[in-house]
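When reading the values below, keep in mind they use all heavy atoms of this one structure, side chains included, and skip hydrogens, waters and symmetry mates. Note that the structure is predicted; figures quoted are calculated from it, not measured.
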Amino acid sequence: MRNTLIFLFVGSCAALLAGCGNGKLADAQRTAVATMSKQLPAPYRDGLIIDSVHRHGDDLVQVIRSPDATVDMAKAKPEVFEALRRDEDEAITELCATPSLAPVYAAGGNVRRRFVDANGAVFFEVTLKSSHCISH
């Protein structure tokens with residue numbers, strides 16, 4: 001009986017400590033979302049618009065809309081959108097220098113950019129892992 005109580009106590013403590021780590025990330029994400037949302041919608045580049053930012057698990061997700069192109073257009077010209085995806089894989093690393101995101105990276109959070117058409121259909125996503133920003 002005593003061993004069972006010790007096991008339950010240790011298990012409960014471990015669960016509480018794990019929850020504390022997630023709380024730090026969630027707090028950092030909420031602060032970043034609040035800061036970034038004040039400036040949205042905002043022009044991004046090449047006629048794209050950053051519409052919103054939200055939390056999704058360990059990631060902050062920036063939703064970037066193309067007001068003109070559609071997913072059907074992308075299917076017709078896959079090489080153009082593949083070139084854009086490769087370009088965005090490199091461009092997203094610029095977010096490592098964004099001060100409001102530093103606490104998110106420090107807590108193990110990532111950032112995703114989700115590219116959508118005017119109807120909200122997803123073209124593609126690119127992800128910036130926190131380890132990339134912390135190691136550079």
Side-chain angles (χ1 to χ4, degrees):
M1 179 72 176
R2 182 171 183 226
N3 287 342
T4 302
L5 289 174
I6 291 171
F7 178 74
L8 288 174
F9 177 74
V10 170
S12 297
C13 289
L16 288 172
L17 288 174
C20 290
N22 291 340
K24 182 178 176 184
L25 175 57
D27 289 345
Q29 288 174 321
R30 284 186 195 99
T31 300
V33 167
T35 300
M36 296 170 82
S37 293
K38 290 177 186 175
Q39 304 164 16
L40 300 179
Y44 175 53
R45 63 183 205 174
D46 300 328
L48 301 174
I49 299 163
I50 303 174
D51 269 345
S52 64
V53 62
H54 64 273
R55 295 174 51 227
H56 187 235
D58 288 348
D59 296 347
L60 280 184
V61 181
Q62 286 185 325
V63 178
I64 301 176
R65 179 175 47 86
S66 172
D68 302 319
T70 65
V71 170
D72 288 335
M73 293 169 128
K75 290 178 183 175
K77 296 188 177 189
E79 67 283 351
V80 172
F81 284 89
E82 186 55 37
L84 177 60
R85 180 193 315 257
R86 283 191 308 272
D87 184 50
E88 286 301 328
D89 275 335
E90 292 180 25
I92 197 169
T93 61
E94 296 168 358
L95 291 177
C96 287
T98 303
S100 62
L101 294 174
V104 173
Y105 303 136
N110 310 306
V111 177
R112 274 190 279 160
R113 284 184 170 158
R114 178 178 296 151
F115 292 83
V116 300
D117 70 10
N119 300 316
V122 177
F123 289 115
F124 63 89
E125 290 186 354
V126 293
T127 301
L128 178 65
K129 297 287 186 186
S130 62
S131 58
H132 181 84
C133 293
I134 292 170
S135 65
H136 289 91

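- Interatomic distance, CG of D117 versus CE of M73, reported as 10.0 Å (0.5 Å rounding).
- Summarising the geometry, atom CG belonging to L60 is positioned 10.0 Å from atom CZ belonging to R112; distances are rounded to the nearest 0.5 Å.
- The shortest heavy-atom contact between G109 and S130 is O-CB, 2.8 Å.
- Linking ILVMFWY residues whenever their side-chain heavy atoms come closer than 4.5 Å, directly or via other members, leaves V63 and L40 in distinct clusters.
- A distance of 11.5 Å separates CE of M36 from CD of Q29, quoted to the nearest 0.5 Å.
- Residues I92 and F81 share a hydrophobic cluster, clusters being chains of Ile/Leu/Val/Met/Phe/Trp/Tyr side chains in contact below 4.5 Å.
- Between the CZ atom in R113 and the CG atom in L128 there is a gap of 8.5 Å [rounded to 0.5 Å].
- The cluster map of Ile, Leu, Val, Met, Phe, Trp and Tyr, joined by side-chain heavy atoms under 4.5 Å apart, puts V61 and Y105 in different clusters.
- Note: the hydrophobic cluster containing V33 also contains L101 (ILVMFWY, side chain heavy atoms under 4.5 Å, direct or indirect links).
- We find that R85 and E82 are joined by a salt bridge, their nearest charged nitrogen and carboxylate oxygen being less than 4.0 Å apart.
- Among the candidates F115, Y44, F123, the single residue satisfying the side chain to side chain contact (heavy atoms under 4.5 Å, CB included) test with S66 is F123.
- At a threshold of 4.5 Å between non-hydrogen side-chain atoms, the residues Q62 and L95 count as touching.
- By the rule that hydrophobic residues join a cluster once side-chain heavy atoms approach within less than 4.5 Å of another member, V126 and V122 end up as members of separate clusters.
- Between the CZ atom in R30 and the CG atom in L25 there is a gap of 9.5 Å [rounded to 0.5 Å].
- By the 4.0 Å N-to-carboxylate-O rule, D89 lies too far from R86 to be salt-bridged with it.
- Within the model, atoms OG of S100 and CD of Q39 stand 7.5 Å from one another, a figure rounded to the nearest 0.5 Å.
- More than 12 heavy atoms of other residues, nucleotides or ligands shown are found within 6.0 angstrom of NE2 on H54.
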